[in-house]
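This structure is a prediction, so every number in the text was calculated from the model and none was measured. FYI, the numbering just counts along the sequence from 1.
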Amino acid sequence: MHLFYTPDISHNNELPEEEAQHCIRVLRLNIGDEVILTDGKGCFYKAEISAATHKRCLVTVKESIPQPPLTLCRIHIAMAPTKNMDRNEWFAEKATEIGIDQLSFLCCRFSERKVIKTERIEKILVSAMKQSLKAYLPKLNEMMEFDKFIAQDFKGQKFIAHCYEGAKPQLKHILKPGEDAIVLIGPEGDFSEEEVEKAINNGFIPVSLGRSRLRTETAALVACHTLNLLNQ
């Protein structure tokens with residue numbers, strides 16, 4: 001069964017142009033064929049193609065099927081993007097497959113990448129959502145300065161993973177299942193000591209992700225998986 005992303009399906013029975021072209025020109029589906037749609041907001045829809053041209057595809061919705069939440073809480077990872085965009089995209093894809101609700105990008109003191117374009121990452125999130133048969137599309141936020149980001153009001157548990165010495169319980173030992181959680185992941189050069197201090201003053205708890213030294217995108221994925229696994 002083919003899954004298509006149709007964010008406006010609740011009030012618009014036409015597939016977005018890119019999805020329509022894939023449906024009609026690539027998969028060669030036609031009038032009368034059944035498809036599965038998702039709005040990315042937690043619902044699947046069984047539908048039938050009612051009209052098809054090279055660029056347009058209209059459907060008739062037959063049934064809506066809500067997908068139950070996949071975890072007990074909402075998972076938010078905020079990471080400083082790596083210099084290599086492929087690694088940021090890899091994380092976005094894998095985190096979506098595992099299960100993530102929100103992804104933010106941080107501009108930190110030691111960040112090697114100060115600007116990030118989110119358009120391609122948004123497409124990767126959609127593709128990974130469809131590939132892993134999910135009805136929830138993670139929310140993607142634009143890059144924000146570290147100081148401004150940590151000053152926001154976040155619901156739930158707040159953690160920061162860093163490599164400096166000091167008392168840092170492992171995330172898996174301190175996490176409270178069932179409560180929303182956000183984890184901050186620093187750049188390749190780590191957060192600055194001043195940034196860590198500011199985060200702590202804003203209520204973030206320092207945590208360890210294990211004994212291994214991890215790359216940025218690996219650390220972000222470990223945090224995502226830990227939150228997900230303990231909230232099944």
Side-chain angles (χ1 to χ4, degrees), residues 71-85 87-88 90-92 94-96 98-116 118 121 125 138-232:
T71 58
L72 299 174
C73 75
R74 295 188 63 79
I75 296 170
H76 186 174
I77 300 295
M79 62 178 284
T82 62
K83 185 177 181 180
N84 186 333
M85 269 306 295
R87 287 159 57 188
N88 299 314
W90 176 85
F91 168 73
K94 301 309 173 189
T96 303
I98 292 172
I100 186 174
D101 296 287
Q102 193 166 176
L103 171 59
S104 298
F105 291 106
L106 305 175
C107 184
C108 304
R109 179 181 175 186
F110 298 137
S111 292
E112 292 190 82
R113 177 177 286 277
K114 301 291 186 180
V115 177
I116 189 166
T118 56
I121 293 181
L125 295 180
K139 180 182 179 184
L140 177 63
N141 299 313
E142 298 288 341
M143 178 180 278
M144 186 181 292
E145 293 289 337
F146 179 84
D147 289 358
K148 184 177 179 180
F149 186 86
I150 62 172
Q152 297 179 101
D153 183 27
F154 295 104
K155 176 186 175 183
Q157 305 165 91
K158 303 190 295 185
F159 305 103
I160 180 170
H162 64 80
C163 298
Y164 296 106
E165 295 295 328
K168 292 184 298 182
Q170 288 200 28
L171 176 60
K172 66 180 181 178
H173 292 149
I174 195 173
L175 180 73
K176 298 176 182 177
E179 291 186 18
D180 293 353
I182 179 173
V183 181
L184 309 182
I185 304 293
E188 281 109 326
D190 205 353
F191 295 113
S192 68
E193 292 187 66
E194 182 182 8
E195 286 171 332
V196 173
E197 183 178 353
K198 286 180 179 179
I200 293 173
N201 290 337
N202 277 276
F204 286 84
I205 301 172
V207 292
S208 166
L209 298 176
R211 296 180 180 179
S212 297
R213 182 174 182 179
L214 306 174
R215 279 183 153 182
T216 294
E217 74 278 11
T218 310
L221 197 65
V222 168
C224 178
H225 183 254
T226 300
L227 295 176
N228 194 287
L229 190 62
L230 294 178
N231 278 284
Q232 293 293 317

**Message:** If you define the side chain from C-beta out and look only at heavy atoms, does anything of Thr71 sit under 4.5 Å from Gln232?
**Reply:** yes
**Request:** Would you mind listing every salt bridge (charged side-chain N to carboxylate O under 4.0 Å, His left out) that reaches into residues 149-168, with sequence neighbours excluded?
**Result:** none
**Asked** Considering residues at least two apart in sequence or located in another chain, which fulfil the side-chain contact (heavy atoms from CB on, under 4.5 Å) criterion with Ile200?
**Response** Val196, Pro206
**Message:** Once salt bridge (charged side-chain N to carboxylate O under 4.0 Å, His left out) is applied, what residue pairs with a partner in residues 222-232 remain, sequence neighbours excluded?
**Reply:** none
**Request:** Identify, with sequence neighbours excluded, every residue that meets side-chain contact (heavy atoms from CB on, under 4.5 Å) alongside Leu230.
**Result:** Lys172, Leu175, Thr226
**Asked** salt bridge (charged side-chain N to carboxylate O under 4.0 Å, His left out): which pairs involve residues 182-200, sequence neighbours left out?
**Response** Arg87-Glu188, Asp147-Lys198, Glu194-Lys198
**Request:** Starting at SG of Cys224, measure out to CD1 of Ile98 and round the result to the nearest 0.5 Å.
**Result:** 5.0 Å
**Prompt:** Of all heavy-atom pairs between Arg109 and Ser192, which one has the smallest distance, and what is that distance?
**Reply:** CD-CB, 3.8 Å
**Asked** Can you tell if the side chain of Val222 reaches within under 4.5 Å of the side chain of Leu171, non-hydrogen atoms only?
**Response** no
**Request:** Indicate the atoms forming the closest heavy-atom contact of Ala220 with Ile185, along with that distance.
**Result:** CA-CG1, 3.8 Å
**Message:** For the backbone of Lys176 and the side chain of Gln157, can you confirm whether one donor and one acceptor N or O come within less than 3.5 Å of each other?
**Reply:** yes
**Asked** What are the two closest non-hydrogen atoms of Ala223 and Val183, and how far apart are they?
**Response** CB-CG1, 4.0 Å
**Prompt:** If you take all heavy atoms of Ser208 and Gly210, which pair is closest and at what distance?
**Reply:** OG-N, 3.1 Å
**Sub-4.5 Å side-chain heavy-atom contact between Pro138 and Leu103** = no
**Other residues, nucleotides, ligands: >12 heavy atoms within 6.0 Å of Lys139 NZ** = no
**Prompt:** Going from CG on Leu209 to OG1 on Thr218, what distance comes out if it is rounded to the nearest 0.5 angstrom?
**Reply:** 10.5 Å
**Request:** Could you check if a side-chain atom of Ile160 sits within less than 4.5 angstrom of a side-chain atom of Ile150, using non-hydrogen atoms only?
**Result:** no
**Request:** State which residues pass side-chain hydrogen bond (donor to acceptor under 3.5 Å, both in side chains) with Glu179; sequence neighbours excluded, sorted by chain then number.
**Result:** none
**Asked** Between atom CG of Leu106 and atom CD1 of Ile77, what is the distance when rounded to the nearest 0.5 Å?
**Response** 10.5 Å
**Asked** Within a strict 4.5 Å, meaning less than it, do heavy atoms of the Phe154 and Phe149 side chains meet?
**Response** yes
**Atom of Ala95, atom of Leu221 and distance for their closest heavy-atom approach** = N-CD1, 3.8 Å
**Prompt:** Does any non-hydrogen side-chain atom of Met79 lie less than 4.5 Å from one of Phe105?
**Reply:** yes
**Message:** Glu142: which residues meet the side-chain contact (heavy atoms from CB on, under 4.5 Å) condition with it, sequence neighbours left out?
**Reply:** Thr118
**Message:** Show me the pairs that pass ring-ring contact (aromatic ring centres under 6.0 Å, His included) and involve residues 195-232, at least two apart or across chains.
**Reply:** none
**Item:** Atom pair CD (Gln102) and CD1 (Ile182), whose distance is rounded to the nearest 0.5 Å
**Value:** 7.0 Å
**Asked** To the nearest 0.5 Å, what is the distance between CZ (Arg113) and SG (Cys108)?
**Response** 14.0 Å
**Request:** Look at the side chain of Thr216 and the backbone N and O of Gly186, then say whether any donor-acceptor pair between them is shorter than 3.5 Å.
**Result:** yes
**Item:** Of all pairs that satisfy side chain to side chain donor-acceptor pair (under 3.5 Å), the ones with a partner from residues 72-82, not counting sequence neighbours
**Value:** His76-Ser104, Thr82-Asn88
**Asked** How far apart are the closest heavy atoms of Asn228 and Gly99, and which atoms are they?
**Response** ND2-O, 3.1 Å
**Asked** Is the shortest heavy-atom distance from the side chain of Ile121 to the side chain of Met85 under 4.5 Å?
**Response** yes
**ring-ring contact (aromatic ring centres under 6.0 Å, His included) partners of residues 158-193, not counting sequence neighbours, each pair once** = Phe146-Phe191, His162-Tyr164
**Fill in**
The side-chain contact (heavy atoms from CB on, under 4.5 Å) partners of Cys73 (sequence neighbours excluded) come to Ile75, Asp180, Asn231
